[in-house]
Amino acid sequence: MSFDKKIFILLALIVSIIAWKLVTIQSNLGVYYWDIFLYLNNALRMAHLGSSDTLYLPPLLPAILSVFFRLGFVGEYTIFIVGGVFYILAAAGMYLLLRLRFDEIESLAGALTFASSTLVLAWAVTGSTDIPAISLSIWAIYFTLLAKRKDKRFYYLAFPVAMAAFLTRYTSALIIIPILLVIIMDSKPRFREITKGIILGILLYSPFGLFFYRNLKNPLPFLGQFTETAKGSVTAINPGYNPDSLYYLRHLPEYLSALPSDNYMLIINPSSAGPSPLAYLIVAIILVGVILHIIHNRTILDGVETRRLGVFLLLSIALIVIFGRISYALAEVLIFLWALSIYWLLKGRGLDNLDINLVMVTWFLSFLYMHSFHLVKVDRYIIPILPALAYAMPLSIDEISQTLNLGHGRRLFSILVMVLMLSSATYYMWGMPHDYPIVDAEREAAQWLKTYDPNYHNKVIASDRGPAFTWYLKDYVFTRRINENNSELFYRLFYKLKPDYYIYWSTSKPRIYGYKVIYNRNGVIIAEKIPP
């Protein structure tokens with residue numbers, strides 16, 4: 001067995017242990033996050049086991065879950081395990097992607113940098129689409145680079161996998177920028193293979209487009225979301241509202257290594273937990289390495305055409321000026337042109353790995369600019385930049401080792417980085433909470449209602465957390481949330497519906513006339529409509 005295969009197996013073993021530990025922790029915590037219930041409910045509907053009204057969401061993850069649901073594995077643990085598998089695939093894909101440039105040990109250090117990042121650990125098995133989407137994105141980029149460097153037939157895989165990433169999380173569409181760059185940089189493009197790959201991607205979308213058309217009368221429901229996102233239109237009442245365009249850059253240390261907490265909300269939002277002491281060391285290694293890489297390659301600009309250099313500098317200044325100020329749709333175009341200007345500037349000057357360097361830079365900038373511009377800032381949204389940071393780690397190891405003339409010490413440096421990242425991951429996971437009382441309270445309330453009224457399937461039920469109780473009751477629950485800024489709207493919609501039962505958290509305290517409280521435990525209240 002080759003050394004490369006041994007290292008790959010070692011990586012698979014390490015991330016499998018981490019995934020198992022995370023699944024164990026998450027199974028005790030359960031599900032709380034709103035979006036995850038939406039995907040679970042969509043899966044129920046696809047499996048013909050329940051109902052949902054959120055079919056406009058990306059359909060791939062619910063479709064995968066629905067297969068397991070039909071086989072009888074209907075439970076939250078299913079989504080945790082599926083998430084764990086995607087987490088392992090992401091780490092494996094990251095290693096193979098890094099092996100296109102770095103040796104086995106450096107690639108292992110980079111893959112573990114990704115797999116051990118606290119933002120990845122926080123969301124790896126929660127059931128959200130972020131890790132599955134980034135996993136598929138990593139593989140799509142890997143296949144694209146393989147198509148350019150080794151065999152054009154890898155385009156047959158690159159485009160369908162990219163489509164799968166898009167169908168898992170719509171914002172993954174931005175990986176088309178690095179994919180297009182690779183195709184442009186291909187000195188011997190084979191448009192026959194590229195066209196066939198695109199057709200295979202469209203074929204993968206076809207059943208989902210038909211599903212959307214049958215249920216929503218619109219085969220492309222995501223277009224409206226793209227329009228609203230590009231505008232950045234959102235109100236201050238949104239819980240994620242944050243106009244700080246530097247938010248994600250400020251919290252980069254926490255995304256790599258945050259302090260552990262027994263507060264679940266600090267786990268899924270590591271920016272609020274604060275950085276660990278190791279975070280600054282990790283960031284310092286990456287920054288120093290990237291700066292050294294630029295310094296070591298500064299001579300490649302000697303003798304370049306002034307016009308080409310001028311275009312590059314002009315676009316660079318423009319990118320700095322517009323950061324967080326204009327629609328990301330325009331910024332993405334500028335990022336693409338900026339990357340093309342670099343390729344135009346350096347093409348034919350003997351620079352190794354220009355393709356993968358530009359892929360990682362544009363991958364990082366595309367998602368950073370989009371999410372920094374949008375007024376809703378949520379930590380997990382920025383997960384797509386982490387593969388680029390993972391790439392920067394072995395790059396930094398290489399550059400720092402070269403500067404310090406470490407020689408064979410380069411491998412020792414890589415091992416130290418691995419120990420650093422795994423120590424951070426272990427410290428973080430062992431500090432995670434072992435239960436979440438809010439989830440237990442909701443489960444108990446749902447179970448109590450099933451016992452209280454075995455005929456609840458024939459009743460109208462509403463809740464301030466409709467998706468959660470839709471999942472627990474396996475029947476559709478309307479969402480009616482009290483809004484302190486517009487309580488009139490709540491009451492108008494509530495009394496128009498006139499539910500037989502209303503389930504809500506005691507903190508909301510709506511004044512509901514014509515209802516009596518029949519359940520009040522651990523903060524969850526169930527009110528029943530008083531018969532006329």
Side-chain angles (χ1 to χ4, degrees), residues 30-70 74-76 78-80 82-83 123 126-133 164-173 205 207-229 233-234 237-240 268 374 376 378 380-381 439 442 446 457 460-481 483 489-490 493-494 497 499 502-504:
V31 175
Y32 177 74
Y33 208 72
W34 184 282
D35 287 357
I36 298 169
F37 284 116
L38 297 179
Y39 288 104
L40 284 167
N41 296 334
N42 276 2
L44 281 176
R45 178 162 177 172
M46 289 181 178
H48 305 291
L49 298 173
S51 58
S52 176
D53 65 347
T54 51
L55 297 177
Y56 56 84
L57 294 172
L60 186 64
L61 183 60
I64 294 172
L65 293 174
S66 70
V67 174
F68 293 102
F69 286 179
R70 288 191 180 193
V74 183
E76 296 163 12
T78 301
I79 198 171
F80 301 151
V82 169
W123 289 94
T126 60
S128 73
T129 58
D130 304 272
I131 298 303
F166 170 74
L167 289 169
T168 304
R169 188 165 183 79
Y170 290 143
T171 53
S172 299
Y205 181 82
F208 296 104
L210 181 60
F211 172 79
F212 285 136
Y213 182 76
R214 285 179 175 176
N215 291 277
L216 304 173
K217 305 303 178 186
N218 181 3
L220 306 170
F222 48 82
L223 293 179
Q225 297 180 48
F226 281 165
T227 302
E228 292 302 314
T229 304
S233 54
V234 66
I237 63 172
N238 189 298
I268 60 176
H374 201 266
V376 175
V378 179
R380 65 186 177 91
Y381 289 175
V439 173
E442 289 183 337
H457 283 293
V460 177
I461 304 174
S463 172
D464 58 354
R465 280 175 51 80
F469 284 96
T470 294
W471 168 250
Y472 292 130
L473 297 172
K474 302 299 184 286
D475 197 16
Y476 187 70
V477 175
F478 292 87
T479 299
R480 293 294 183 269
R481 300 180 69 181
N483 185 342
L489 176 63
F490 164 77
L493 294 176
F494 182 87
L497 180 65
Y502 182 56
I503 310 171
Y504 62 97

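Because the structure is predicted, anything quoted here is derived from the model rather than measured.
Among pairs with a residue in residues 212-223, those fulfilling side-chain hydrogen bond (donor to acceptor under 3.5 Å, both in side chains) read Arg45-Asn215, at least two apart in sequence or across chains.
When the options Phe166, Phe212, Tyr56 are evaluated for a ring-ring contact (aromatic ring centres under 6.0 Å, His included) with Phe222, the one that passes is Phe166. A side-chain hydrogen bond (donor to acceptor under 3.5 Å, both in side chains) with Arg380 is found for exactly one of Thr129, Thr126, Asp35, namely Asp35.
Taking the side chain as every heavy atom from C-beta outward, Trp471 and Glu76 approach each other to under 4.5 Å. Using a 4.5 Å heavy-atom threshold, the side chains of Pro59 and Leu167 count as touching. Asp53 has its side chain out of reach of Thr470: every pair of non-hydrogen atoms, C-beta onward, lies at least 4.5 Å apart. Side-chain contact between Arg481 and Phe490 is absent, with no heavy-atom pair separated by less than 4.5 Å.
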Report task. For the pair Arg70 and Met46, evaluate side chain to side chain contact (heavy atoms under 4.5 Å, CB included) and give the outcome as yes or no after the intermediate values. Result -> CA-CA 9 Å; Arg70 288 191 180 193; Met46 289 181 178; over 6 Å; no
Requested in this report: Given side chain to side chain contact (heavy atoms under 4.5 Å, CB included), test Leu55 with Asn42 step by step and report yes or no.
Outcome: CA-CA 6 Å; Leu55 297 177; Asn42 276 2; 3.8 Å; yes
Query raised in the report: Going through the checks in order, is the side chain to side chain contact (heavy atoms under 4.5 Å, CB included) test met by Asp475 and Ile461?
Result: CA-CA 9 Å; Asp475 197 16; Ile461 304 174; 5.6 Å; no
Query - From CA spacing to verdict: side chain to side chain contact (heavy atoms under 4.5 Å, CB included), Phe37, Tyr472 - result: CA-CA 9 Å; Phe37 284 116; Tyr472 292 130; 3.7 Å; yes
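For the pair Thr78 (side chain) and Val74 (backbone), a donor-acceptor distance under 3.5 Å is absent. Checking side-chain atoms of Tyr39 against main-chain N and O of Ile79 turns up no donor-acceptor pair under 3.5 Å. Side-chain N or O atoms of Asn41 include none that pairs as donor or acceptor with a backbone N or O of Ser52 at under 3.5 Å. Looking only at distances, no side-chain donor or acceptor of Thr168 sits under 3.5 Å from a matching main-chain atom of Ala133.
Expressed to the nearest 0.5 Å, how far OG1 of Thr54 lies from CG of Leu40 amounts to 10.0 Å. The CD1 atom of Ile64 sits 4.0 Å away from the CG atom of Leu60 when rounded to the nearest 0.5 Å. In this structure, NZ on Lys474 lies 9.5 Å from CG on Leu49, to the nearest 0.5 angstrom.
Nearest heavy-atom pair, Tyr32 versus Val439, reported as atom, atom and distance to 0.1 Å: CB-CG2, 3.8 Å. Here the shortest heavy-atom pairing between Ser51 and Tyr476 reads OG-CB, 2.9 Å. The heavy-atom pair separating Pro219 from Tyr205 by the smallest distance is O-OH, 2.5 Å. Across every non-hydrogen atom of Ala43 and Ser66, the tightest pair is O-CB, 3.5 Å. Here the closest heavy-atom approach between residue Ile268 and residue Tyr33 is recorded as CD1-CD1, 3.9 Å. Taking every heavy atom of both residues into account, Leu497 and Ala462 meet most closely at CD2-CB, 4.0 Å.
The ring of Phe494 has its center no closer than 6.0 angstrom to the ring center of Phe478.
Evaluation of the side-chain hydrogen bond (donor to acceptor under 3.5 Å, both in side chains) rule for Tyr504 yields no partner, not counting sequence neighbours. Asp464 pairs by the side-chain hydrogen bond (donor to acceptor under 3.5 Å, both in side chains) definition with nothing, not counting sequence neighbours.
Summarising the local packing, CZ of Phe68 is surrounded by 12 or fewer heavy atoms from other residues, nucleotides or ligands at distances under 6.0 Å.
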